[in-house]
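Data first, discussion second: the structure below is written as structure tokens.
For clarity, every value in this text was computed on a predicted model and none was experimentally measured. What you see below is based on every heavy atom in this structure, not just the backbone, and it leaves out hydrogens, waters and symmetry mates. If you read the sequence from its start, that first residue is 1, and numbering goes on from there.
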Amino acid sequence: MVIDAPKNAVILAAGCGSRLRPLTDLRPKPLIEVNGTSILHNALRNLETVGVEEVTIVVGYRKDAIQYACGSRFGGLRIKYVESTVFDRTGSAYSLWLARDALLSGDCFLLEGDVFFEEDALRYLIICRGTDVAAVVPFDDSMEGSAVLLSQNGSISGFRMKQTASNLVADGPKLFKTMNLLRLSAPTLKATIVPTLDDIIAAGARQTYTEELLGYLIERRGLQLAAARCDGLSWYEIDNAEDLQIAERIFRNRMNAYTPTRDLQTR
């Protein structure tokens with residue numbers, strides 16, 4: 001089965017990044033720089049490299065800074081914005097719901113705006129067999145956050161929230177860390193994900209996280225979400241100052257980081 005790379009992407013970038021203060025007092029977390037390149041610019045560069053043509057960014061905190069930094073075009077990418085006015089009181093699934101028009105436009109990459117990664121992570125998503133795919137790596141004792149369990153056929157069988165090293169036990173199931181990078185198909189988005197988002201928001205569950213949504217869809221709605229194993233690739237999720245230092249060490253000698261020149265952008 002040959003999978004065409006999505007031409008569209010959605011980046012969730014509305015949060016205030018409170019755990020990175022004071023760095024985020026005047027700028028949003030997606031514009032925090034790793035060795036001189038912002039998290040958001042790195043993501044956009046990688047998306048452009050694999051053939052994405054249009055990106056919708058959900059903004060909220062310090063939205064003007066993101067709009068100024070990225071403009072209406074970034075290299076060859078068309079950039080659109082969706083604003084969350086309640087970013088400080090809602091979860092990531094609410095931001096995803098705000099971008100539902102973009103989700104209904106076709107196959108789509110979905111990214112969280114706090115992940116610094118090399119472009120091969122997107123290529124792994126493209127080549128992975130499966131209609132819908134999430135990037136994962138083995139969960140180790142340096143990690144925390146959402147984790148998944150894999151079935152024997154390599155698909156995700158369940159999500160576990162707020163995991164830490166204490167959840168790793170020798171005789172327990174092997175955990176994998178979600179990288180918050182996904183490839184989602186148009187049929188799944190139209191028939192399953194967007195309708196469920198509509199139901200969640202209508203029910204008032206605005207603080208739901210995307211991982212909780214996916215876990216529910218896997219367990220209750222039969223979503224088949226394949227796992228793209230990205231073992232060995234360079235990436236890091238940046239939530240606090242320590243994470244930023246680790247990301248800078250990981251990418252210090254890499255050449256894939258990219259900062260666009262001003263004349264590549266149209267505002």
Please determine whether the number of non-hydrogen atoms from other residues, nucleotides or ligands lying under 6.0 Å from atom OH of Y81 exceeds 12. yes
Per the side-chain contact (heavy atoms from CB on, under 4.5 Å) rule, which among V58, I66, L40 passes with I11? L40
Looking only at non-hydrogen atoms, find the nearest pair between P6 and V52 and report the distance. O-CG2, 3.6 Å
Does a side chain donor of either S146 or R160 reach within less than 3.5 Å of an acceptor in the other side chain? no
Closest heavy-atom pair, G130 versus R183, reported as atoms and distance to 0.1 Å, is O-NH2, 3.0 Å
Are any of the side-chain heavy atoms of I218 and V148 separated by less than 4.5 Å? no
Does the side chain of I238 come within less than 4.5 Å of V115's, by heavy atoms? no
Which residue pairs pass the salt bridge (charged side-chain N to carboxylate O under 4.0 Å, His left out) test with at least one member in residues 222-237, sequence neighbours excluded? K177-E237, R229-D231
Among the clusters formed by ILVMFWY side chains lying less than 4.5 Å apart, do L98 and F87 turn up in the same one? no
Quick one: CD on E83 to OG1 on T85, what's the gap to the nearest 0.5 Å? 6.0 Å
Output, in order, the C-alpha distance, side-chain angles, deciding distance and verdict of side chain to side chain contact (heavy atoms under 4.5 Å, CB included) for L182 and D132. CA-CA 8 Å; L182 299 103; D132 305 284; over 6 Å; no
Considering all heavy atoms of both residues, which atom of I39 and which atom of K29 are nearest to each other, and what is their separation? CD1-O, 3.5 Å
Stepwise, does the side-chain hydrogen bond (donor to acceptor under 3.5 Å, both in side chains) test hold for R221 with T196? CA-CA 9 Å; R221 298 288 182 89; T196 304; 3.2 Å; yes
Quick check for you: to the nearest 0.5 Å, what is the distance between L213 atom CG and I193 atom CD1? 6.5 Å
Side chains of S95 and S84: is there a donor and an acceptor less than 3.5 Å apart? no
Measure the shortest side-chain to side-chain distance between F159 and L149 over non-hydrogen atoms and say whether it is less than 4.5 angstrom. no
Would you kindly confirm whether V133 and L233 end up in one hydrophobic cluster when ILVMFWY residues are joined by side chain heavy atoms under 4.5 Å apart? no
Please examine the side chains of K174 and P138, heavy atoms only from C-beta on, and report whether any two atoms are closer than 4.5 Å. yes
Given side chains that start at C-beta, do those of T208 and Y216 come closer than 4.5 Å, heavy atoms only? no
Can you name the closest pair of heavy atoms from G51 and K7 and give their distance? O-CD, 3.5 Å
Given side chains that start at C-beta, do those of C70 and L44 come closer than 4.5 Å, heavy atoms only? yes
Is the closest side-chain heavy-atom distance between N8 and V55 below 4.5 Å? no
Check whether F117 and Y124 end up in the same hydrophobic cluster, where Ile, Leu, Val, Met, Phe, Trp and Tyr are linked by side-chain heavy atoms less than 4.5 Å apart. no
Under a 3.5 Å threshold, yes or no: a donor from one side chain and an acceptor from the other, between S185 and D107? no
Between S155 and S151, does the side-chain hydrogen bond (donor to acceptor under 3.5 Å, both in side chains) criterion hold? Intermediate values first, please. CA-CA 5 Å; S155 64; S151 64; 2.8 Å; yes
So, for I79 and G71, which heavy atoms are closest and what is the spacing to 0.1 Å? CB-O, 3.4 Å
Using side-chain contact (heavy atoms from CB on, under 4.5 Å) as the criterion, point out the one residue from L12, V59, I57, T56 that pairs with V82. T56
Hey, can you tell me if F251 and F116 have their rings parallel, tilted or perpendicular (30° and 60° cut-offs)? perpendicular
Treat each ILVMFWY residue as a node, draw an edge where side-chain heavy atoms are under 4.5 Å apart, and state whether L181 and L77 are in one component. yes
Side chain to side chain contact (heavy atoms under 4.5 Å, CB included) between N42 and V34, intermediate numbers included: CA-CA 9 Å; N42 182 72; V34 175; over 6 Å; no
Electrostatic pair D243-R19, nearest N-O below 4.0 angstrom: no
Taking the side chain from T188 and the backbone from L184, do they hold a donor-acceptor pair closer than 3.5 Å? no
Could you list all the salt bridge (charged side-chain N to carboxylate O under 4.0 Å, His left out) pairs where at least one residue sits in residues 85-101, not counting sequence neighbours? none
CD of E48 to CZ of F74: how many Å apart, nearest 0.5 Å? 7.0 Å
Could you check whether R123 pairs with E119 (Lys NZ or Arg NE/NH1/NH2 to Asp/Glu carboxylate O, under 4.0 Å)? yes
Contact summary for E118 and S234, nearest pair of heavy atoms: OE2-N, 2.6 Å
Considering residues, nucleotides and ligands other than E53, do more than 12 of their heavy atoms fall under 6.0 Å from its CD? yes
Taking salt bridge (charged side-chain N to carboxylate O under 4.0 Å, His left out) as the test, write out the residues that go with K80, two or more places apart. E54
Check whether L214 and Y94 end up in the same hydrophobic cluster, where Ile, Leu, Val, Met, Phe, Trp and Tyr are linked by side-chain heavy atoms less than 4.5 Å apart. yes
